[in-house]
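Working notes, structure below.
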Amino acid sequence: MFLYKNLFIRYSGGRSSFDITNTELVGNYTKSRLGERFFSLGYEFVPLNKVKIGVNASIYGTFTLENTIENGEQRDTGNLRSYGLSLQYEVIRNLSIYTAFDFRQLKTNIEAPESLTSFFRKGDYNTFNIGIRYAVGDKDVLSAVGILK
C-alpha cells in the first residue's frame, strides 16, 4: 500500500519447507517448515517511464520453525529482518512484470548449550521472486483521502 507518492508499507508472509540432510547438526529433525511474517517500509524510484526500482527494509518481523521429529513436532520462534530490492516493468496500465531479491536474517529464541549458541542463534538466507503484479487504484492513501496532494 502506497502511503504517500512512492513511499509504501507492505505486509509479507510466506512458508518454506526443508528436508534435513544432516541430523548431526540440528538434532533428530527429519523436516522443517519456516513460516515468516513481517511489515516493511520502502520506496520506489521511477528512473524511466514504465520502470520502477524499489528498496525496502522490514520494520517488524517474526518467524516460526516447525520441526518434524519421530514422535511429533517441535517449534522454535524468533525475530526476522528483511532487506530487499525490486525491479518492475509496466506492460499495460496497472499490470507489471516483477522481480525481487531479499536478504533475510533470523534471530532465534532457541535455547542451546553455550558451545552451540552461535550455530543456533542466527541464520541468514536469500529469496528471489519473479511474478506478475497487479496494482489496484492509481493514488496513494494520503492523496486519496485528501490529507496531502
Side-chain angles (χ1 to χ4, degrees), residues 1-46 51-142 144-145:
M1 174 172 34
F2 285 89
L3 300 173
Y4 182 66
K5 300 207 185 255
N6 296 19
L7 179 68
F8 65 88
I9 189 167
R10 75 174 180 174
Y11 172 79
S12 294
R15 292 189 66 76
S16 300
S17 295
F18 306 97
D19 290 326
I20 306 301
T21 57
N22 188 347
T23 57
E24 290 180 18
L25 290 175
V26 297
N28 292 326
Y29 305 148
T30 55
K31 293 182 186 276
S32 189
R33 288 183 308 280
L34 170 68
E36 57 188 20
R37 303 151 301 279
F38 62 93
F39 285 95
S40 58
L41 193 60
Y43 190 84
E44 282 189 343
F45 299 91
V46 186
V51 175
K52 294 180 181 179
I53 298 172
V55 294
N56 66 79
S58 62
I59 52 178
Y60 174 78
T62 61
F63 74 90
T64 303
L65 280 170
E66 298 167 346
N67 305 301
T68 303
I69 54 178
E70 284 184 26
N71 299 331
E73 225 173 54
Q74 181 271 330
R75 290 177 175 229
D76 294 312
T77 60
N79 297 321
L80 170 71
R81 299 291 296 162
S82 178
Y83 307 93
L85 295 169
S86 64
L87 174 67
Q88 66 179 326
Y89 176 78
E90 188 176 55
V91 179
I92 60 173
R93 183 179 164 103
N94 293 354
L95 185 67
S96 301
I97 296 171
Y98 174 84
T99 185
F101 171 81
D102 288 277
F103 169 77
R104 299 203 176 134
Q105 184 174 71
L106 307 173
K107 290 192 179 176
T108 73
N109 296 326
I110 297 173
E111 292 185 22
E114 193 168 324
S115 61
L116 298 174
T117 298
S118 64
F119 180 77
F120 285 103
R121 188 64 60 205
K122 189 171 100 171
D124 300 334
Y125 64 102
N126 301 304
T127 65
F128 183 71
N129 299 289
I130 299 173
I132 297 172
R133 176 182 277 176
Y134 178 72
V136 178
D138 293 325
K139 292 185 179 182
D140 58 80
V141 174
L142 295 177
V145 297

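Throughout, residue positions are numbered sequentially from 1 according to the sequence presented.
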Please tabulate, for the side chains in residues 31-40, all donor-acceptor contacts under 3.5 angstrom to protein atoms that are two or more places apart in sequence or on a different chain.
from, atom 1, to, atom 2, distance (Å)
Lys31, NZ, Asp19, OD1, 3.1
Ser32, OG, Asn67, OD1, 2.6
Arg33, NE, Glu66, OE1, 3.2
Arg33, NH2, Glu66, OE1, 3.2
Arg33, NH2, Glu73, OE2, 2.4
Glu36, OE1, Tyr125, OH, 2.2
Glu36, OE2, Arg104, NH1, 2.5
Arg37, NE, Thr62, OG1, 3.4
Arg37, NH1, Gly35, O, 3.3
Arg37, NH2, Thr62, OG1, 3.3
Arg37, NH2, Thr64, OG1, 3.1
Ser40, OG, Arg10, NE, 2.8

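For the atom pair Tyr134 OH and Ile92 CD1, the distance stands at 8.5 Å (nearest 0.5 Å).
When side chains are defined from C-beta on, Leu95 counts as touching Ile132, because their heavy atoms get closer than 4.5 Å. You'll find the side chain of Ile59 reaches within 4.5 Å of the side chain of Ile9, heavy atoms only. Put simply, the side chain of Thr99 reaches to within 4.5 Å of the side chain of Ile130, judged on heavy atoms. Between Gln74 and Asp76 the shortest side-chain heavy-atom distance falls below 4.5 Å. Side-chain contact between Thr117 and Ile110 is absent, with no heavy atoms from C-beta onward closer than 4.5 Å. Using a 4.5 Å heavy-atom cutoff, the side chains of Asp102 and Asn56 are in contact.
Heavy-atom neighbours of Asn109 CG from other residues, nucleotides or ligands within 6.0 Å: above the threshold of 12. Within 6.0 Å of atom CZ in Arg93, 12 or fewer heavy atoms from other residues, nucleotides or ligands are found, so the atom counts as exposed in its surroundings.
Outside the 6.0 Å centre-distance limit, the rings of Phe101 and Phe128 are not counted as a close aromatic pair.
For Tyr98, there are no ring-ring contact (aromatic ring centres under 6.0 Å, His included) partners, not counting sequence neighbours. Among residues two or more places apart in sequence or in another chain, the side chain to side chain contact (heavy atoms under 4.5 Å, CB included) test is passed with Asp124 by Phe103, Gln105, Lys122.
Across every non-hydrogen atom of Tyr43 and Phe8, the tightest pair is N-CE2, 3.4 Å.
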